[in-house]
Amino acid sequence: MATPIISINDLHAHVGQTVTLQAWLYDKTPKGKLIFLQARDGTGRCQCVMFKGDFDEATFEAAKALPQESSLTITGVVKADPRAPGVPGGFELGVKEIAIVQTSAEYPITPKEHGIEFLMDNRHLWIRSARQWALLRVRATVMRAIRSWLDGRGFLEMSTPILTPSAAEGTTNLFEVGYFDDKAYLAQTGQLYNEANIFAFGRVYCFGPTFRAEKSKTRRHLTEFWMVEPEIAFCDLDQLLEIEEQFVSHIVQTVLRENANELKTLDRDVSKLAHIAPPFPRITYDDAVAKLIEMQAGLRAGTPVLRHDGKPLEGIEDPALLDITWGMDFGAPHETALTQLCAKPVFVTGFPTAIKAFYMEPYPGRPEVCKSADLLAPEGYGEIIGGSERISDPARLEERIREHGLPMDPYRWYVDLRKYGSVPHSGFGLGVERTVTWICGTEHIREASPFPRLINRMYP
RNA sequence: UCCUCGAUAGCUCAAUGGUAGAGCAACCGGCUGUUAACCGGUAGGUUACAGGUUCGAGCCCUGUUCGAGGAGCCA
């Protein structure tokens, strides 16, 4: 009689029943007349137990010799047993039949420790490992939460081009590709096109891969990453920040609700995420610079400014890393220091106009700062959102394009948008992998992408 | 582009300038509750590459390649 084929994450609903799993062997522990097989099927992992007396000699010996990652169908009775390891765990299969689909070749990734180069060379296999599996499941939840939140609030998903004729903010960081007899560049943002889209649809977002040819070699950078960019008509910077904090909170809370097992696998301290809810604190660039100067002085004087939880700052080995004067952009150490002052993500608003993109609206009466806001994730994870209110006046926009030394022709259509019913409008871009890295509490962004592209890595 | 560190068995790592070693994986044997099981045994090496110093180099020197971490820039 055929038994039902079920997923490991559905085991709890089949206690006492005979079911079939289609799975791979994650690990095994043979113990003489008893074998523990740990099976994974993409939805979870569970222990399957074989007793020698239940099988003929050949079947039992074959099972005992199975290499890691062999593919199997296993039929048995589901039992609740608190001793059973796995994800979600607590259930095991008392094996009645086992069929080997393929006996795996010797599998390179053992349950022991490995170096990062080896693991990256074997990324196509590494994604099967518990930690990577959990991370990428969280990533999928993050992407789903992004879409469902925006779709539920009147945002229309609009695809923006990946092949673009020129840069929004200079071409040095762009990948150049041949385009018949011409050149094209891989998009580093869909924002400008989204600004056209809002005049047709009101609120839109684009969601796709983004490319940066930066020669960055840090734990925060990929050359190809996914970014969601909402853009909203009739929206100023203050309204934008409210949207951002609700959006980010929704993403975090969705992962907490749906990926508890994954976060446990990752050993993530969820108490650092549970309280993520609006409102997020706001600090102006002016105040942030003053705070950084104070923090640097504190470190040097031996009377350091403490973190939000009362502990000393971490990750600032040398106070000189906090060097800053008004007008400078923040580096990673500045972000690391600032984010430790707060348990929630923090908005830094009003950056100097000179260090930001040409399209950002200056503050009335104070044109040296603009209506921009970065959102910095806690625990030193850094910038996950960059956003701003865009210039709505055509003359001012043209002026800013000239000041940046950009050619006017490619931006003709962009200026055009301000001539036909211009309105205050704002938008932001959220980096998916950085968000996943923060939520998962992971060291390096490369683990937040299934097949990360890094400055020195395109294989596999 | 710059700074720092690294490269030894399939993997993770040891080895005062003096015979190249362990754990895991593989292979053989044992074990009915393991959680990276454990116990016994077998096999496994062009010490990244090129040159130099030395009686003798995995180790010291020079260069190259590759990798890791960080800076700048950014999400």
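OP1 or OP2 of B:U32 has at least one side-chain nitrogen or oxygen of A:K33 nearer than 4.0 Å.
Here A:Y185 and A:F211 keep their ring centres 6.0 angstrom or further from each other. Remark: aromatic rings of A:F428 and A:F247 are close, center separation under 6.0 Å.
You'll find that the side chain of A:E117 is closest to B:G67, out of B:G67, B:A25, B:G33. Comparing B:A36, B:U34, B:C74 by their nearest atom to the side chain of A:Q47 picks out B:U34. Candidate nucleotides B:A36, B:C73, B:A75 were compared by shortest atom distance to the side chain of A:M227, and B:A75 ranks first. If you check B:U32, B:U1, B:C74 against the side chain of A:F51, the one that comes closest is B:U32. Relative to the side chain of A:K31, the nucleotides B:G33, B:A75, B:C73 differ in distance, and B:G33 lies closest. Across B:G33, B:A71, B:A75, the shortest atom-to-atom separation from the side chain of A:V49 is found for B:G33. Checking B:A75, B:G72, B:G33 against every side-chain atom of A:D81, the shortest atom distance belongs to B:G33. Closest to the side chain of A:K217, out of B:A75, B:C31, B:G69, is B:G69. Minimum atom distance to the side chain of A:R212 is reached by B:A75, of the listed B:A75, B:U34, B:G67.
Mapped onto RNA chain B by nearest heavy atom, A:G53 and A:T110 fall at different nucleotides, with A:T110 at the one closer to the 5' end.
Residue A:S216 places a side-chain atom within donor-acceptor reach of the base of B:C73, judged by atom type and a 3.5 Å distance cut-off alone. In this model, no side-chain donor or acceptor of A:H114 finds a partner on the base of B:C11 within 3.5 Å.
Contact annotation for A:D329: backbone-only contact, meaning every heavy-atom pair under 4.0 Å involves sugar-phosphate atoms and none involves a base. Residue contacts shown for A:P85 include a base, since a base heavy atom lies under 4.0 Å away. Residue A:G331 is classed as a sugar-phosphate contact, given heavy-atom separations below 4.0 Å to backbone atoms only. Looking at heavy-atom distances under 4.0 Å, A:F225 makes contact with a base. In this structure, A:E224 reaches neither bases nor backbone, as no heavy-atom distance under 4.0 Å exists between it and the strands shown. Counting non-hydrogen atoms under 4.0 angstrom, A:E433 reaches nothing in the nucleic acid. Residue A:L222 is in base contact, counting any heavy-atom pair closer than 4.0 Å across all strands shown.
B:A71 is paired with B:U1 under the criterion used here, namely a Watson-Crick or G-U wobble arrangement in which both key atom distances are under 3.5 Å.
Between A:I324 atom CD1 and B:A71 atom P the separation is 14 Å, expressed in whole Å. Nucleotide B:C73 holds its P atom 9 Å from the CD1 atom of A:I355, rounded to whole Å.
Per the stacking criterion (ring centres < 5.5 Å, plane angle < 30°), A:F36 does not stack onto the base of B:G33.
The stretch residues 63-78 of chain A has no heavy atom under 4.0 Å from RNA chain B, so no residue of it qualifies as close. Using a 4.0 Å cutoff on non-hydrogen atoms, the parts of residues 439-460 of chain A near RNA chain B are A:H444, A:I445, A:R446, A:N456, ordered by number. Listed by residue number, the members of residues 128-138 of chain A with any heavy atom below 4.0 angstrom from RNA chain B form an empty set.
Using a 4.0 Å cut-off between charged nitrogen and carboxylate oxygen, A:E157 and A:R147 count as a salt-bridge pair.
Geometric assessment of A:K356 against the ring of A:F351 yields a positive cation-pi assignment under the 6.0 Å and 45° thresholds.
A:A373 approaches A:L237 most closely through the heavy-atom pair CB-CD1, 4.2 Å.
For the residue pair A:E214 / A:H221, no side-chain donor-acceptor distance below 3.5 Å is found, with atom types taken as modelled.
The number of heavy atoms from other shown groups lying within 6.0 Å of CD (A:Q17) is above 12.
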